[in-house]
Amino acid sequence: MSLEFTSSEMMSITAARALSNDLICFVGIGLPSEAANLARLTHAPDITLIYESGTLQTRPDVLPLSIGDGELCQSALTTVSVPEMFRYWLQGGHISVGFLGTAQIDRFANLNTTLIGDYREPKVRLPGGGGAPEIATSAQEVFITVKHSRRTFVKDVDFVTTVGFGRDGKARDNVPNIGRGPTLVITDLCILKPDPDTRELVVTSLHPNVTREDVIEATGWDIRFADELEITPAPTHEELAVLRSLKERTHAHHSGQQ
Amino acid sequence: MAEFLSLKEAVSKYIHDGDTVAMEGFTHLIPVAAGHEVIRQEKRDLTLIRMTPDLVYDQMIGAGCAKKLIFSWGGNPGVGSLHRLRDAVEKSWPNKLEILEHSHAAMANAYEAGAAGLPLAVLRGYVGSDLPKVNPQIRFIECPFTGERLAAIPSIRPDVAVIHAQRADRQGNVLIEGIIGIQKEAVLAAKRSIVTVEEIVDDLGASVNACVLPSWVVSAIAEVPGGARPSYTLGYYDRDNAFYKDWDAIARDRDTFLAWLKHNVIEKGAAS
């Protein structure tokens with residue numbers, strides 16, 4: 001029997017599955033936070049979630065609206081200062097996966113959260129880098145989750161806020177003491193991974209009911225597909241039930257109806 | 001020793017036009033009431049520093065207090081843009097706003113270097129990022145021992161740091177609990193500091209390793225219950241997430257914003 005699910009649910013569930021129980025995950029707010037907590041509430045109960053506000057090993061019951069909601073602190077093993085978080089825990093090499101969202105991503109998985117247009121005369125000013133520029137280089141590897149559209153998947157980002165593999169795919173070559181960079185990109189249409197040689201993102205798995213044409217249509221460059229293209233497994237009853245319950249609790253909490 | 005002042009007196013005495021002001025708080029303990037007092041006193045030409053400028057900086061920028069913003073993430077967390085900040089950057093309303101942006105790691109390091117009395121901070125940062133192209137204060141140095149290329153930025157040394165905390169005792173020692181952010185470093189890096197607190201108590205009730213600022217590093221303390229709202233104070237009240245969502249519509253339009261500011265900040269203060 002097939003289940004009804006949305007493409008957003010498919011994205012969160014696929015992203016959650018990528019997180020295993022033994023990871024130390026530095027979690028960005030928004031989609032990464034939703035997926036990371038879904039992982040913790042399903043197959044990865046012991047995953048360590050860390051937020052840049054200083055909360056180590058946190059277990060929130062509802063998804064935080066901000067990176068520093070009280071829920072994160074009160075359900076954490078301990079809370080450290082922000083300089084300690086970035087210096088000791090991130091730069092010090094304790095993070096296995098940095099999990100990021102973005103406004104724009106390009107074919108070499110560079111991320112732009114700074115602006116659309118020209119820096120001095122922006123068309124749209126975005127929030128900026130936050131923790132991402134160093135999460136992307138100090139974590140051992142980086143997962144990215146973002147909705148797939150021509151607005152987000154562009155050939156070249158307007159601004160490299162956070163490096164994937166640079167504008168030529170070679171930015172990490174011969175740079176010592178940094179992580180491997182993006183290894184996985186999960187969208188609402190598919191899963192992408194960098195080509196081992198060129199570092200260009202390649203579609204490795206299509207979500208159920210998604211066609212190659214859908215992905216081509218939503219991507220701003222001539223997207224490549226893996227030779228052995230997989231179909232992402234559909235969500236299970238349990239995954240959908242846990243995700244929907246988490247989102248309902250979260251909505252009620254942030255609307256002041258807790 | 002810290003002196004106990006009203007918020008109005010503290011802002012009047014310690015924040016001057018043209019100052020570099022760091023009103024810190026990483027989502028938690030944001031000194032919102034102090035920011036509103038800055039707006040009411042019509043301070044101008046401030047260089048505002050904060051890692052995560054949110055609603056109160058949006059309000060101060062929209063009210064015309066700022067000429068420059070140094071920051072690392074300027075948004076309404078989980079909601080979207082800061083529309084007053086965007087309007088100032090994109091359309092120079094109500095005045096031109098110069099921006100200088102960093103990453104969180106760099107700013108955290110720069111505050112810590114400021115607190116440590118150093119001229120610069122060094123970090124493994126900005127690899128492959130375009131930020132060094134648009135921020136001339138991001139440079140690179142070579143480690144004299146290993147040859148590794150590392151990012152260097154000037155330390156942050158504000159004229160004034162403003163923070164909110166749970167409580168102070170009657171000697172003026174301050175306890176900060178929960179997500180403590182960068183507040184200790186901001187106060188120690190600054191020439192002067194104002195701390196607003198939920199309450200003044202006989203005994204701080206601090207555990208032996210608690211984050212405590214001794215009275216002799218604080219310039220002024222003002223008792224302002226609810227002084228972080230709509231942010232939160234752990235142990236006192238929760239974050240008003242609904243207001244953070246509402247702010248998006250209020251701030252989107254200049255007239256709606258000005259009406260909100262008049263009713264909720266300017267007139268509110270004048271009556272008290």
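Remember, predicted model here, so these are calculated numbers, not experimental data. A, B, ... follow the sequence lines: proteins, then strands. Residue 1 opens every chain.
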Undergrad: For chain B, find which of A:Pro176, A:Ser81, A:Gly166, A:Gly129 contributes the most heavy-atom pairs closer than 4.5 angstrom.
TA: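 The answer is A:Ser81.
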Undergrad: Going by the rule salt bridge (Lys or Arg N to Asp or Glu O under 4.0 Å), which residues pair with B:Arg254 if we only count those two or more places apart in sequence or in a different chain?
TA: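 Testing B:Arg254 for salt bridge (Lys or Arg N to Asp or Glu O under 4.0 Å), a comparison that skips the adjacent residues, returns B:Asp87.
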Undergrad: Charged N to carboxylate O under 4.0 angstrom, B:Glu101 versus A:Arg125?
TA: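 Yes, this pair counts.
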Undergrad: In sequence, state the C-alpha distance, the side-chain angles, and the governing distance for B:Val134 and A:Arg120, and then conclude on side-chain contact (heavy atoms from CB on, under 4.5 Å).
TA: CA-CA 9 Å; B:Val134 298; A:Arg120 296 295 158 202; 4.1 Å; yes
Undergrad: So for B:Leu131, is it side chain, backbone, both, or neither that comes closer than 4.5 Å to the heavy atoms of chain A?
TA: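 Both parts, backbone and side chain.
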Undergrad: Any side-chain heavy atom of A:Pro83 within less than 4.5 Å of one from B:Ile182?
TA: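 Side chain of A:Pro83 against side chain of B:Ile182, heavy atoms only: contact under 4.5 Å found.
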Undergrad: Relative to chain B, which segment of A:Asn177 carries a heavy atom at a distance below 4.5 Å: side chain, backbone, both, or neither?
TA: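 Both parts, heavy atoms under 4.5 Å.
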Undergrad: Indicate yes or no: at least one non-hydrogen side-chain atom of A:Glu134 is less than 4.5 angstrom from one of B:Tyr126.
TA: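 Result yes, sub-4.5 Å side-chain heavy-atom pair found.
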Undergrad: Considering only heavy atoms, which portion of B:Arg124 lies under 4.5 Å from any heavy atom of chain A: side chain, backbone, both, or neither?
TA: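 Both the backbone and the side chain of B:Arg124 come within 4.5 Å of chain A.
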Undergrad: Kindly indicate whether the side chain of A:Tyr119, heavy atoms from C-beta on, has any atom under 4.5 Å from the side chain of B:Ile99.
TA: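 A side-chain contact exists here, since the closest heavy-atom pair is under 4.5 Å.
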Undergrad: Less than 4.5 Å apart, side chain to side chain, heavy atoms only: is that true for A:Pro122 and B:Val89?
TA: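 Of all side-chain heavy-atom pairs linking B:Val89 with A:Pro122, at least one is under 4.5 Å.
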Undergrad: So what's closer than 4.5 Å to chain B heavy atoms on A:Ser53: side chain, backbone, both or neither?
TA: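 Both backbone and side chain of A:Ser53 come within 4.5 Å of chain B.
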Undergrad: So for B:Met107, is it side chain, backbone, both, or neither that comes closer than 4.5 Å to the heavy atoms of chain A?
TA: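 Neither part; nothing is under 4.5 Å.
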Undergrad: Under 4.5 Å from any heavy atom of chain A, what part of B:Tyr232 do you find: side chain, backbone, both or neither?
TA: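 Side chain of B:Tyr232 only, per the 4.5 Å heavy-atom cut-off to chain A.
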Undergrad: Against chain A, label B:Ser103 side chain, backbone, both or neither, depending on which of its atoms sit under 4.5 Å from a heavy atom there.
TA: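 The answer is both parts of B:Ser103.
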Undergrad: Go through the atoms of B:Phe71 and report whether side chain, backbone, both or neither lie under 4.5 Å from a heavy atom of chain A.
TA: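 Contact with chain A is through the side chain of B:Phe71 alone.
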Undergrad: Could you go through B:Leu123 and A:Gln91, starting from their C-alpha distance and side-chain angles, then the distance that decides it, and tell me whether this counts as side-chain contact (heavy atoms from CB on, under 4.5 Å)?
TA: CA-CA 8 Å; B:Leu123 71 152; A:Gln91 187 176 268; 3.5 Å; yes
Undergrad: Do A:Cys73 and B:His28 have side chains that get closer than 4.5 Å, going by heavy atoms?
TA: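 Not touching, per the 4.5 Å side-chain cut-off.
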Undergrad: Show, in sequence, the C-alpha distance, side-chain angles and deciding distance for B:Arg86 and A:Val124, and conclude whether the side-chain contact (heavy atoms from CB on, under 4.5 Å) test is met.
TA: CA-CA 8 Å; B:Arg86 273 184 59 176; A:Val124 181; 3.6 Å; yes
Undergrad: A:Arg87 and B:Glu112: salt bridge (charged side-chain N to carboxylate O under 4.0 Å, His left out), yes or no, with the steps?
TA: CA-CA 10 Å; A:Arg87 287 168 65 79; B:Glu112 198 180 51; 2.7 Å; yes
Undergrad: Below 4.5 Å from any heavy atom of chain A, which atoms of B:Lys133 appear? Answer side chain, backbone, both or neither.
TA: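 When you check distances to chain A, no heavy atom of B:Lys133 falls under 4.5 Å.
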Undergrad: Judged by atom type as modelled, is there a donor-acceptor pair below 3.5 Å linking the side chain of B:Asp130 to the main-chain atoms of A:Val160?
TA: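 Flag set: sc B:Asp130 to bb A:Val160 pair under 3.5 Å.
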Undergrad: Side chain from CB out, backbone as N, CA, C, O: work out which of these in B:Leu82 comes under 4.5 Å of a heavy atom of chain A, or both, or neither.
TA: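 Nothing of B:Leu82, per the 4.5 Å heavy-atom cut-off to chain A.
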Undergrad: Taking side chain as everything from C-beta outward and backbone as N, CA, C, O, which of these in A:Pro133 sits under 4.5 Å from a heavy atom of chain B? Side chain, backbone, both or neither.
TA: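 Contact with chain B is through the side chain of A:Pro133 alone.
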Undergrad: Using a cut-off of under 4.5 Å for heavy-atom pairs, which of A:Asp69, A:Ile178, A:Thr79, A:Thr137 has the most such pairs with chain B?
TA: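 Top option by heavy-atom pairs under 4.5 Å: A:Asp69.
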